[in-house]
Amino acid sequence: MGSNKHQNVVAVNDEMLDANNHVGNVEYVRLMQDVAVEHSDSVGCTRITNDLGCAWFVRAHSIEYKRPAVRGDTLVITTWIENTDLLRSTRKYIFENEEGTTIYATAETTWILVDASSGRPRRIPEELIGLFW
């Protein structure tokens, strides 16, 4: 697992709730994207990626819901890069309470790096991989 982890803390509010009065599926994906971008920004990955003329695209998301998060809950969202090969990077997430005693969800996103002008996948340079380890 990548040693460089990043966390966001989010208080569940009414705008995050779905018709069942718990944090909705789309909201989890938004939170995953937000924490991933913040993590990438914090280690300089976003700047280097832009300098290389590349962009990250999601290939797949997977979320396993463990317990509903509701109004008044606080979500501590932790993310890290689990592994990276030449063409894809796997990012993990855990959504838990502040005490670390309740897990609301675990998730994973597979990201690919693409050339911004052609839209074609390209190899992930070592300089990007090294930022997260």
Seminar exercise, completed: Only residue of T49, D51, V43, N50 satisfying side-chain contact (heavy atoms from CB on, under 4.5 Å) with R47 is D51
Exercise. Is there a side-chain contact between V10 and I77, using heavy atoms and a 4.5 Å cut-off?
Worked result: yes
Problem set entry | Note, I48 side chain near L131 side chain (heavy atom, < 4.5 Å) | yes
For this session: Using a 4.5 Å cut-off on heavy atoms from C-beta on, say whether the side chain of V29 contacts that of I63.
Result: yes
Exercise. Is the closest side-chain heavy-atom distance between M16 and N13 below 4.5 Å?
Worked result: yes
Exercise. Under the ring-ring contact (aromatic ring centres under 6.0 Å, His included) rule, what pairs show up with a residue in residues 26-64, not counting sequence neighbours?
Worked result: H6-H39, Y28-Y65, Y28-F95, H39-F132
For this session: Could you tell me which non-hydrogen atom of I112 sits nearest to which non-hydrogen atom of L87, and how far apart they are?
Result: CG2-O, 3.5 Å
Exercise. At what distance, to the nearest 0.5 angstrom, does NZ of K66 lie from OG1 of T106?
Worked result: 4.5 Å
For this session: Measure the CD-CD distance between Q33 and E38 for me, rounded to the nearest 0.5 Å.
Result: 11.0 Å
Exercise. In terms of side-chain heavy atoms, does T79 have a donor or acceptor partner in R91 at a distance below 3.5 Å?
Worked result: yes
For this session: Find out whether V23 and Y104 are in side-chain contact, i.e. whether some heavy atom of one side chain is under 4.5 Å from a heavy atom of the other.
Result: no
Seminar exercise, completed: In this structure, OG1 of T46 is separated from CG of D41 (nearest 0.5 Å) by 3.5 Å
Exercise. Under the salt bridge (Lys or Arg N to Asp or Glu O under 4.0 Å) test, which residues partner R67, sequence neighbours left out?
Worked result: none
Exercise. Are the side chains of N25 and D18 in touch, meaning some heavy atoms are under 4.5 Å apart?
Worked result: no
Exercise. So, does D73 use its side chain to make a donor-acceptor pair with the main chain of V12 at under 3.5 Å?
Worked result: no
Problem set entry | Side-chain (N20) to main-chain (H22) donor-acceptor, under 3.5 angstrom | no
Seminar exercise, completed: Hits for salt bridge (Lys or Arg N to Asp or Glu O under 4.0 Å) against E98, two or more places apart or cross-chain, chain-then-number order -> none
Problem set entry | Point-to-point distance, once rounded to the nearest 0.5 Å, from CZ of R88 to CZ of R123 | 12.5 Å
Problem set entry | Side chains of I94 and I103 in contact at under 4.5 Å (non-hydrogen atoms) | yes
